[in-house]
Amino acid sequence: MKSLLCEIAQWRVPVAKSKQHVEFWEEHLAYQRNHRAKFHYLRSRVLKKNESERPDEEVWMWIDEYENQEAIDRMLKTIRDDPELSKIMVCPLHLFVPGSMKTELWTEHFRVD
């Protein structure tokens, strides 16, 4: 049995700020693609829910997968120690619905044959 750590975050964005939010993520993800050695996750995704219970808001989430706790610790240390990266990794909280951001760390267990 092998496990995988998944950091899951979910938040809401007012539809009026959607374009700015998408532009932030396009820039953010391009930076990650161009500086892959700085990022210690195995896989990262940003998702938008197709329908929201609130028509004036969108629901977004990211899922980052890490091999183990040491990989998460390396990522946190890199963010802390790299001035450029620490600026890039700041979530655009000014675009979020206040109080809507929540994060969790899950352990996924699966069998590798």
Side-chain angles (χ1 to χ4, degrees):
M1 177 88 54
K2 186 173 179 174
S3 63
L4 186 70
L5 293 179
C6 299
E7 179 188 30
I8 301 170
Q10 185 173 346
W11 63 95
R12 295 187 322 274
V13 174
V15 170
K17 295 182 179 180
S18 181
K19 184 177 182 225
Q20 290 174 281
H21 186 255
V22 169
E23 288 169 356
F24 164 82
W25 281 106
E26 287 173 346
E27 181 179 323
H28 185 77
L29 296 173
Y31 181 90
Q32 289 186 33
R33 278 190 297 279
N34 293 326
H35 298 86
R36 188 63 186 106
K38 292 184 177 190
F39 296 88
H40 304 285
Y41 54 72
L42 298 171
R43 184 174 167 190
S44 181
R45 299 176 299 294
V46 177
L47 310 160
K48 181 180 121 180
K49 193 173 184 180
N50 286 336
E51 292 184 22
S52 175
E53 296 153 3
R54 301 174 180 160
D56 57 334
E57 295 177 359
E58 301 171 337
V59 178
W60 288 79
M61 73 184 300
W62 81 60
I63 304 172
D64 289 347
E65 298 175 1
Y66 295 89
E67 185 176 12
N68 51 37
Q69 184 63 49
E70 292 78 27
I72 293 174
D73 294 343
R74 282 193 315 274
M75 184 76 236
L76 294 173
K77 182 177 181 343
T78 302
I79 292 168
R80 211 177 31 249
D81 295 347
D82 183 324
E84 181 184 25
L85 189 57
S86 63
K87 289 179 195 170
I88 297 291
M89 294 300 288
V90 174
C91 283
L93 296 177
H94 65 286
L95 299 176
F96 294 3
V97 171
S100 70
M101 176 69 152
K102 54 186 174 176
T103 60
E104 299 178 319
L105 188 61
W106 288 66
T107 302
E108 179 181 280
H109 297 279
F110 57 93
R111 182 181 171 141
V112 179
D113 293 325

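Side chain to side chain, Trp106 and Glu108 fail the donor-acceptor criterion of an N or O pair below 3.5 Å.
Contact check for Glu70 versus Leu5: no side-chain heavy atoms found under the 4.5 Å cut-off. Residues Pro14 and Asp56 have side chains not in contact (no heavy-atom distance under 4.5 Å, counting atoms from C-beta outward).
Linking ILVMFWY residues whenever their side-chain heavy atoms come closer than 4.5 Å, directly or via other members, places Leu93 and Val22 in the same cluster. Cluster membership for Ile8 and Met75, using ILVMFWY side-chain heavy atoms within less than 4.5 angstrom, is not shared.
Classification of the Trp25-His28 ring pair by plane angle, with boundaries at 30° and 60°, yields perpendicular. Using the six-membered ring where Trp is involved, Phe39 and Tyr41 have ring planes that are tilted, between 30° and 60° apart.
At most 12 non-hydrogen atoms from other residues, nucleotides or ligands lie less than 6.0 angstrom from CZ of Arg54.
Scanning for salt bridge (Lys or Arg N to Asp or Glu O under 4.0 Å) contacts around Arg43 gives an empty result, with sequence neighbours left out. Listed by chain and number, the residues in a salt bridge (Lys or Arg N to Asp or Glu O under 4.0 Å) with Asp82 are Lys38 (sequence neighbours excluded).
Checking Arg12, His21, Gln10 one by one against Trp60, the side-chain contact (heavy atoms from CB on, under 4.5 Å) holds for a single residue, His21.
A salt bridge links Lys19 with Glu23; the closest basic N to acidic carboxylate O contact falls under 4.0 Å.
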